[in-house]
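Scroll down for the structure; my scribbles are underneath it.
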Amino acid sequence: MDIIFGVTTSLGILAHFYYAFFSEADYSLQLLLLGALFLYSSSYFFYKMISKVAKNPQFVGSLWLAILASLVWFDLYVAFTPVSELEENSISWRFNVLRNQTDARVEKESDKGDLEQIQLKPPEKARRDINIIGITTKTLDQLGGVWPLPWKYYAKIIDKFASSTNHLMFDVFFLDYKPGQTDEMAKALSGNPRVMFDYPMETSLESKSTIINLEKRTEILRKFKLENVKDEQTGLSWLKFPQSPIEPVAEKSSGLGFANIKKDESGLNRKMPIVAKILGSGPGREDEYYPSIDLVIACNYYGVNIQKDVEVVMGEYVKIKNIPQKNISYFDRKTLKMVTEDIMAKPNSTREVTIPIDEYGQMEINFPGGLYSYNTTEFFEVSEGWDNETATQVNNNIFLVAMFYATGRGAAKDTHLSPFGDMSGIEHHAHAINTILNQDFLWDMPLAGNFLIFFSMAFIVGLILPRMKTSWGFLFIIGIALLYSVVTLFNFSEFNIVHVFPSVIVEQFFIFVGIIVYKILTEEENVKYIRTTFSKFVSKDVVDELLKNPENLNLGGSKKDITIFFSDIRGFTTMSEKMGPEELVQFLNQYLSEMTEIIIEFKGTIDKYMGDAIMAFWGAPVPLEDHAYYACAASIAQMRRLAVLKEEWKARDLPVMDIGIGLNSGPAVVGNMGSSHRMDYTCMGDTINLGSRLEGSNKEYATNIIISEYTYEKVKDRVIARELDLVKVKGKTKPVRIYELIDLVNEEDLKLLRRPLHSVEQS
């Protein structure tokens with residue numbers, strides 16, 4: 001029976017891995033459900049089986065409980081709607097925590113209680129070349145509540161921008177023929193070739209037959225239809241047909257794009273459709289693909305043809321290609337200088353911008369801030385107050401004309417729920433355009449990545465928590481939850497990575513409660529013999545290693561690749577003769593404490609003190625892949641700290657001394673050495689002997705830090721070093737090349753590699 005339970009449990013786990021990595025494969029969901037049935041029905045019997053053969057049944061049981069919890073939470077994340085909604089809401093929370101500016105718009109009152117001034121503080125990542133010309137309550141009040149606005153005012157704005165290189169977009173639908181007004185618009189458009197319009201995509205065919213000249217309008221619209229589209233039935237359609245602007249407006253525009261927003265079930269809008277798939281709408285009943293107004297604006301901004309230079313793979317990406325090598329100039333108000341930059345925010349050799357989209361053609365908006373993130377000017381201030389030169393004061397800017405939080409008097413409501421609350425529709429579009437032009441796209445962790453997060457976090461907790469007392473375990477869970485939260489926010493803020501968050505936190509607490517209950521039921525072990533005994537005379541790292549592997553208490557060791565460190569004070573004997581015993585001890589303790597702290601902060605292990613000499617190593621008992629570089633960084637940090645100490649000692653009229661350091665990397669035997677009554681965790685071998693010799697060679701070469709060629713080869717691209725000599729080494733036929741270590745290439749590594757000592761003690 002044990003074999004049967006082992007097989008069914010293994011199949012259940014494999015089914016979860018298969019679904020996580022191949023969720024798009026045929027029958028993957030059915031396989032997951034079957035695997036879950038196998039796993040959960042046999043999990044208890046599998047636990048009983050492994051506990052029979054485990055040396056520490058309680059530890060193995062806790063680890064199995066944690067792994068099982070991770071698979072349960074992954075299943076809930078995949079199949080249980082409340083959990084997926086919890087994750088979606090957490091993304092809005094991330095935006096609010098990191099990017100919500102409560103002072104983005106500050107109104108100042110005059111002494112009479114009237115609005116005197118509006119101050120805008122746009123977020124750092126909101127582009128300065130995206131502007132909103134807003135139709136506000138003030139706009140409607142000046143017309144006595146008239147809505148829609150007479151088209152002559154739009155025509156005036158078009159005329160004002162005719163002499164500029166700016167791009168103008170009207171988020172106002174021109175769908176009806178209005179005698180006189182239509183001619184005014186057509187005339188204005190004839191003089192301005194940089195005006196774009198958006199239009200609605202209808203979600204029902206009900207009104208299609210009532211629209212005048214729909215076929216003619218659609219034919220004009222097809223000039224902006226996407227041609228280079230790859231869709232292997234992955235793209236989904238949610239719109240029925242486009243209702244393009246009337247012909248006199250559409251045929252003179254520089255771009256037409258749909259304006260629809262697809263909200264989720266909660267009414268939240270966090271995505272912006274970039275491509276719309278219309279089933280069977282072509283002349284030959286073929287599917288057609290139309291761009292959103294945001295994609296049209298981006299293409300016009302870059303100066304590319306939307307039909308020739310845009311490639312679409314439904315469910316994967318939209319790629320804007322062949323972006324010309326073009327610079328833009330603007331006045332930087334911080335530096336008070338003119339700045340010239342590439343038109344691409346992140347230039348690349350292929351001159352392409354790749355926009356990730358889902359199966360509906362939607363891009364996730366990377367909001368740089370909340371409401372009022374972009375420079376806004378009231379509509380009549382532009383149409384009536386600006387002259388023809390005002391618009392030419394900036395170049396290659398984008399101006400969006402739209403309803404902007406207008407209320408009352410029949411105003412059309414154009415707000416949508418965002419992560420920051422209700423936000424005007426045009427701000428949603430502005431944020432989408434900002435995302436594209438900044439090439440600052442959110443990256444959703446694939447399902448496999450999220451699965452590995454669930455699994456690895458549970459595995460880590462399952463490994464560590466059983467070794468802790470309940471009180472410390474609770475603090476550990478709180479700590480790991482806080483740490484994971486910080487990592488999540490950091491990944492989102494710095495790298496735009498979106499991965500599972502609250503589900504993992506809840507998973508950790510479920511595991512904690514489960515392990516506590518399990519410990520109570522299986523009589524938690526309270527005696528920690530190894531910790532209480534050995535922590536008195538060996539380092540904490542050694543204690544942790546012994547707790548993981550109690551068999552290491554035996555004499556002997558294992559061969560490991562390490563970097564050995566030796567340091568010694570030059571002229572210590574002469575210096576000690578000039579100082580009293582108490583003063584000498586105090587002096588030496590300060591020096592050894594400072595140097596020891598640096599070694600530990602750079603993940604080193606202190607082997608022993610030999611008078612004024614220090615012996616340490618990197619790479620054991622805890623493996624450290626980059627041990628040579630950590631040792632070099634610690635040595636540089638010691639020399640810099642010593643320079644500060646010298647100044648202090650000089651001010652106190654104490655002797656000023658210097659030190660020599662020797663570093664060597666290679667294999668060595670590391671472990672407990674000595675007798676059964678007294679042992680030390682240390683290392684030995686030719687690598688150690690050469691390191692000691694290099695330390696003593698500093699006096700001969702008038703250097704402070706000497707490293708061997710074996711250490712140098714591991715770090716040569718990251719350090720500044722000077723070749724010194726070839727030296728003969730006992731036991732080797734070929735001489736060894738030695739170098740003086742001068743500095744690190746990257747100064748920041750001294751901060752990045754260093755761990756404060758208090759965190760080492762708590763880890």
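Since we're looking at a predicted model, the values are computed, not measured.
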Interatomic distance, E601 atom CD to E597 atom CD [nearest 0.5 angstrom]: 4.5 Å
Reported CZ-to-OH distance for the pair R754 and Y630, which is rounded to 0.5 angstrom: 13.0 Å
Spacing of CD belonging to E364 relative to CG belonging to N496, to within rounding of 0.5 Å: 10.5 Å
Within 45° cone of Y374 ring axis and under 6.0 Å: R127 NZ or CZ: no
Pairing of D686 and R693 as salt bridge, 4.0 angstrom limit: no
Carboxylate-amine/guanidinium proximity below 4.0 Å for R640 and D743: yes
F492 and F95 aromatic ring geometry - parallel, tilted or perpendicular at 30°/60° bounds: perpendicular
Spacing of CE belonging to M615 relative to CD belonging to E695, to within rounding of 0.5 Å: 12.0 Å
salt_bridge(K714, D626) N-O dist < 4.0 Å: no
Rounded distance [0.5 Å steps], CG in D749 versus CG in L744: 6.5 Å
Side chains of Y609 and T596 in contact at under 4.5 Å (non-hydrogen atoms): yes
Crowding at NZ, K734 (>12 non-hydrogen neighbours, <6.0 Å): no
Min side-chain heavy-atom separation H627-P623 under 4.5 Å: no
Pi-cation contact, F367 with R99 (under 6.0 Å, within 45°): no
N438 side chain vs K125 backbone, donor-acceptor pair below 3.5 Å: yes
Any F565 side-chain heavy atom under 4.5 Å of D607 side chain: no
Check: E740/N698 side-chain N/O donor and acceptor closer than 3.5 Å: no
Student check: side-chain heavy atoms of N348 and Q439 closer than 4.5 Å: yes
Full working for salt bridge (charged side-chain N to carboxylate O under 4.0 Å, His left out) between D658 and K699: CA-CA 10 Å; D658 211 346; K699 187 179 296 184; over 6 Å; no
Verdict with supporting geometry, E341 and R128, salt bridge (charged side-chain N to carboxylate O under 4.0 Å, His left out): CA-CA 13 Å; E341 295 177 346; R128 64 192 166 276; 3.5 Å; yes
Pairwise ring-ring contact (aromatic ring centres under 6.0 Å, His included) hits with a residue in residues 572-604, at least two apart: F587-W649
Validation row: V97, W93 side chains within 4.5 angstrom (heavy atoms): yes
Nearest heavy atoms of S373 and P122, plus distance in Å: O-CB, 3.3 Å
Flag, side chain of N704 to backbone of I659, donor-acceptor distance under 3.5 Å: yes
Stepwise side chain to side chain donor-acceptor pair (under 3.5 Å) check, K608 with T682: CA-CA 8 Å; K608 59 176 67 74; T682 185; 3.3 Å; yes
Y701 atom OH, neighbour heavy-atom count above 12 within 6.0 Å: yes
Heavy-atom side-chain contact between M445 and V498 under 4.5 Å: no
Result of checking V727, I738, T711 against I706 for side chain to side chain contact (heavy atoms under 4.5 Å, CB included): I738
Residues, nucleotides or ligands: over 12 heavy atoms within 6.0 Å of Q586 CD: no
Stepwise side-chain contact (heavy atoms from CB on, under 4.5 Å) test for F501 and L489: CA-CA 9 Å; F501 174 39; L489 292 174; 5.8 Å; no
Verdict with reasoning, H499 to Y484, per ring pair (Phe, Tyr, Trp, His ring centres under 6.0 Å): CA-CA 11 Å; H499 53 69; Y484 184 75; 5.7 Å; yes
Residue M684 excluded, over 12 heavy atoms near CE under 6.0 Å: no
Validation row, ring centre F512 to ring centre F476 under 6.0 Å: no
Nearest-0.5 Å distance, CD1 of residue I480 to CD of residue Q508: 5.5 Å
Parallel, tilted or perpendicular: rings of Y712 and Y739 (30°, 60°): parallel
pair Y629-V719: side-chain heavy atoms closer than 4.5 Å: yes
Pairwise side-chain contact, R641 with M595, heavy-atom cut-off 4.5 Å (strictly under): yes
